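Take a look at the structure set out below.
Note that the coordinates shown come from a computational prediction; the quantities given were computed from them, not determined experimentally. Each chain gets a letter, A, B and so on, in the order its sequence line appears, and its residues count up from 1.
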2 protein chains.
Amino acid sequence: MRFITRDTDYALRALLFMARALRHENKKIVTVEDIVAEEKLPRVFLRRILQKLAVKGVLSSYKGKAGGFSFAMVPKKISLADVIIVYQGEIDLTNCFLQGKICPNRTRCKVRKKIKAINAKLIKELGGINIEELSG
Amino acid sequence: MRFITRDTDYALRALLFMARALRHENKKIVTVEDIVAEEKLPRVFLRRILQKLAVKGVLSSYKGKAGGFSFAMVPKKISLADVIIVYQGEIDLTNCFLQGKICPNRTRCKVRKKIKAINAKLIKELGGINIEELSG
DNA sequence: CTAAATGATACTAAGATAGTATCAATTGAA
DNA sequence: TTCAATTGATACTATCTTAGTATCATTTAG
Ligand code: FES
Ligand code: FES
């Protein structure tokens, strides 16, 4: 069961690194190189991952020399759910094999109904965990 | 987020069909053909799916003419978690990118710790839903 | 200027997914 | 006894997804 994909995983490692750098050294702008040096993640791949966080408004990016990435909001405001959604889309356990198309059975489906209730709880839990506490 | 895979989805459809056949017509043994006729699932693929349920002890199988599949336990005893586990393995949201190998960070990892707690709740919920009620 | 950084895009190898195709073994019944 | 209906077991395949690499363009501090 791949709940957290590699994208999300790497993003989390990067964000936790950035949160620690901010707290411990008051380092606001971090480069991909900084992260790779510490976390041993694949360079170019990680760049794309961070770019996505920037597009989605979680990070801000700065080009050019002395550029890099910084938080666009305080780490406490970024939830685990937020990060997962960036790479995996909305958290939705209620997929059936007709997903995408509208399942004709969708409204009456009991499986869906039950899982939907569980899903709501899951979202709430994941929304309640933030990068600040995870980096602690 | 593919929580329920196609295998699991098809298996659920088949099991719900069997549960209804049992309740409404007291039909205990059902063939792949019966299910395909009603649920429009791919024949050979479905066979393999049901074979797996038989191997795992959820269904009993009977070869030869008048053969087919029957429940190996009452539908009420088969949980959603059971079916998911057959095709997707243990329900475990706590995968990190070092999964398989033992993550050196595993014991201190806060992400893992948090998700582990959520996972326990999820398993409990899914274990509390059974085929009988879903087929109702 | 230029080196250091991100932005954007194209490409690729390996693996997973969702099947199909076949034949073997079993069994109830004509 | 023969045969048709059924599951058991494997091998194969096309498509999609994953996890990257490679490259060049753009920006900017010094
Ligand atoms: S069968 Fe489509 S939502 Fe349940
Ligand atoms: S980093 Fe491996 S378990 Fe969290």
Side-chain angles (χ1 to χ4, degrees), chain A residues 1-14 18 27-37 39-72 87-89 95-101, chain B residues 1-14 18 27-37 39-72 86-89 95-100:
Chain A
M1 182 126 15
R2 181 185 303 109
F3 176 62
I4 291 193
T5 64
R6 195 165 295 213
D7 282 348
T8 305
D9 186 316
Y10 288 177
L12 284 172
R13 286 166 204 267
M18 288 177 68
K27 187 170 183 175
K28 282 170 187 137
I29 295 188
V30 166
T31 68
V32 166
E33 278 313 305
D34 292 337
I35 301 171
V36 164
E39 303 287 337
K40 320 286 183 203
L41 301 178
R43 205 174 310 262
V44 190
F45 192 27
L46 181 62
R47 263 177 67 192
R48 204 166 47 203
I49 286 171
L50 295 188
Q51 276 175 27
K52 196 155 190 179
L53 280 174
V55 167
K56 299 285 183 174
V58 175
L59 297 182
S60 301
S61 71
Y62 309 94
K63 285 172 144 189
K65 210 163 179 173
F69 294 89
S70 74
F71 284 109
Y87 301 99
Q88 309 177 219
N95 63 311
C96 84
F97 92 110
L98 288 172
Q99 76 188 126
K101 304 141 207 169
Chain B
M1 181 126 17
R2 182 185 303 109
F3 176 61
I4 290 193
T5 63
R6 196 165 294 214
D7 282 348
T8 305
D9 186 317
Y10 288 177
L12 284 172
R13 284 165 205 268
M18 288 177 68
K27 187 169 182 176
K28 284 172 187 135
I29 295 188
V30 165
T31 69
V32 167
E33 278 314 306
D34 292 338
I35 300 171
V36 164
E39 304 286 337
K40 321 287 181 201
L41 302 178
R43 207 173 308 263
V44 190
F45 193 27
L46 182 61
R47 264 176 67 193
R48 203 167 47 202
I49 287 171
L50 295 188
Q51 277 173 28
K52 196 154 189 179
L53 280 174
V55 166
K56 299 287 183 172
V58 175
L59 297 181
S60 301
S61 70
Y62 310 94
K63 285 173 145 187
K65 212 163 179 173
F69 293 90
S70 75
F71 284 109
V86 164
Y87 301 100
Q88 308 177 219
N95 62 311
C96 86
F97 92 110
L98 287 173
Q99 76 189 126

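- Taking every heavy atom of both residues into account, B:I49 and B:A11 meet most closely at CG2-CB, 3.8 Å.
- Regarding B:Y87, its OH atom lies at a distance of 14 Å from the P atom of C:dG19, rounded to whole Å.
- Identified under the salt bridge (Lys or Arg N to Asp or Glu O under 4.0 Å) test for residues 39-53 of chain A, with sequence neighbours left out: A:R20-A:E39, A:E33-A:R43.
- Atom-to-atom, CG of A:D9 to C1' of D:dG20 comes out at 15 Å; the value is rounded to the nearest Å.
- In this model, the phosphate group of D:dA19 is approached by a side-chain N or O of A:R6 to a distance below 4.0 Å at OP1 or OP2.
- Annotation: side chain of B:L59 is in contact with side chain of B:F71 (closest heavy-atom distance under 4.5 Å).
- For the pair A:V32 and A:I35, the minimum side-chain heavy-atom distance is 4.5 Å or more.
- Applying the side-chain contact (heavy atoms from CB on, under 4.5 Å) test to A:L12 and every residue at least two apart in sequence or in another chain returns A:I4, A:T8, A:L80, A:V83, A:I131, B:V111.
- Contact between the side-chain N/O atoms of B:Q51 and the OP1/OP2 oxygens of D:dG8 is found at a separation under 4.0 Å.
- Going from atom CZ of A:F45 over to atom C1' of C:dT6 covers 17 Å, rounded to whole Å.
- Of all non-hydrogen atoms in B:V36 and B:L41, the two that sit nearest each other are CG2-O, 3.4 Å.
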Where do N or O atoms of nucleotides 21-26 of chain C meet protein N or O atoms at under 3.5 Å, pair by pair?
residue : atom : partner : partner atom : Å
C:dT26  : O2   : B:G64   : N            : 3.2

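- A straight line from CG of B:N95 to P of D:dA19 spans 10 Å, rounded to a whole angstrom.
- Regarding B:R2, its CZ atom lies at a distance of 18 Å from the P atom of C:dG15, rounded to whole Å.
- Distance CG (B:L46) to C1' (D:dA9): 16 Å, rounded to an integer number of Å.
- Heavy-atom distances under 4.0 Å link DNA chain D to no residue of residues 53-62 of chain A.
- For the atom pair B:C96 SG and A:Y10 OH, the distance stands at 10.0 Å (nearest 0.5 Å).
- For the side-chain hydrogen bond (donor to acceptor under 3.5 Å, both in side chains) condition, the pairs that include at least one residue of residues 54-69 of chain A, sequence neighbours left out, are A:Y62-A:S70.
- Using modelled atom types, one side-chain atom of A:Q88 and one backbone atom of A:F3 make a donor-acceptor pair closer than 3.5 Å.
- Helix bend of the helix from C:dC1-D:dG30 to C:dA30-D:dT1: the angle between its two end axes, each built from five pairs, comes to 0° after rounding to 10°.
- Closest of all the heavy-atom pairs between A:G68 and A:I29 is CA-CG2, 3.7 Å.
- In this structure, CD1 of A:I4 is placed 15 Å from P of D:dT18, rounded to the nearest angstrom.
- Residue B:Y10 places at least one side-chain N or O closer than 4.0 Å to OP1 or OP2 of C:dG19.
- Taking atom CZ of A:R43 as the reference point, atom C1' of D:dT23 lies 15 Å away to the nearest angstrom.
- With rounding to the nearest 0.5 Å, the separation of CG in B:L50 from CE in B:M18 is 7.0 Å.
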